[in-house]
Amino acid sequence: SVCDTFQLVNEVDALRAIQGHAAVGNIRYSNHAEARMAQRNVTRGDIRRALVTATAAKATAAAWRVTGGRTLALTVVVAIDGSAVIVTVF
């Protein structure tokens, strides 16, 4: 489960895992994330670039807040569950 995976990785490992999933396009999007992306005119390409170039992942309740990417000024909340699962974006 997402919670089990979350407990097994630290911030460096989480960032590497998220970047790896993003680099090969292994990204899924929650309905909430897609709604937020539409509101903010953010594309899937923007998300992928933001994740691949991110410099930090900070733990949240059951996901990772990923920042520092070279795309716009995006913060992406990502769960790791066999892929990078986009929870929301702001």
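No continuous path of ILVMFWY side-chain contacts below 4.5 Å connects Leu15 to Val87, so the two sit in separate hydrophobic clusters. The same ILVMFWY cluster, assembled from side-chain heavy atoms under 4.5 Å apart, contains both Trp64 and Tyr29.
The shortest distance between side-chain heavy atoms of Thr75 and Thr88 does not fall below 4.5 Å. The side-chain heavy atoms of Val78 and Val85, taken from C-beta on, include no pair separated by under 4.5 Å. Considering only heavy atoms from C-beta on, Arg44 stays 4.5 Å or farther from Ile27 through its side chain. Between Thr43 and Ile47, the closest side-chain pair of non-hydrogen atoms is not below 4.5 Å. Val77 has its side chain out of reach of Val89: every pair of non-hydrogen atoms, C-beta onward, lies at least 4.5 Å apart. In this structure, the side chains of Arg49 and Arg70 stay at 4.5 Å or more apart for every pair of heavy atoms. You'll find the side chain of Phe90 stays beyond 4.5 Å of the side chain of Val76, heavy atoms only.
Residues Thr60 and Arg65 have side chains that never bring a donor and an acceptor to within less than 3.5 angstrom of each other.
The distance from the CZ atom of Arg40 to the CG atom of Leu74 is 9.5 Å, given to the nearest 0.5 Å.
Contact between Asp81 and Arg28 at its shortest, heavy atoms only, is O-NH2, 3.0 Å. Contact detail for Thr55 and Gly68: the closest heavy-atom pair is OG1-CA, 3.3 Å. Of all heavy-atom pairs spanning Ala79 and Ala62, the tightest one is CB-O, 4.3 Å. Taking all atoms of both residues into account, the shortest heavy-atom contact from Ala17 to Ile80 is CB-CD1, 4.2 Å.
Within the structure, side-chain hydrogen bond (donor to acceptor under 3.5 Å, both in side chains) pairs that include any residue of residues 15-24 comprise His21-Asn26 (at least two apart or interchain).
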- Chi angles and distances behind the side-chain contact (heavy atoms from CB on, under 4.5 Å) call for Asn41, Asp46: CA-CA 10 Å; Asn41 295 316; Asp46 293 333; over 6 Å; no
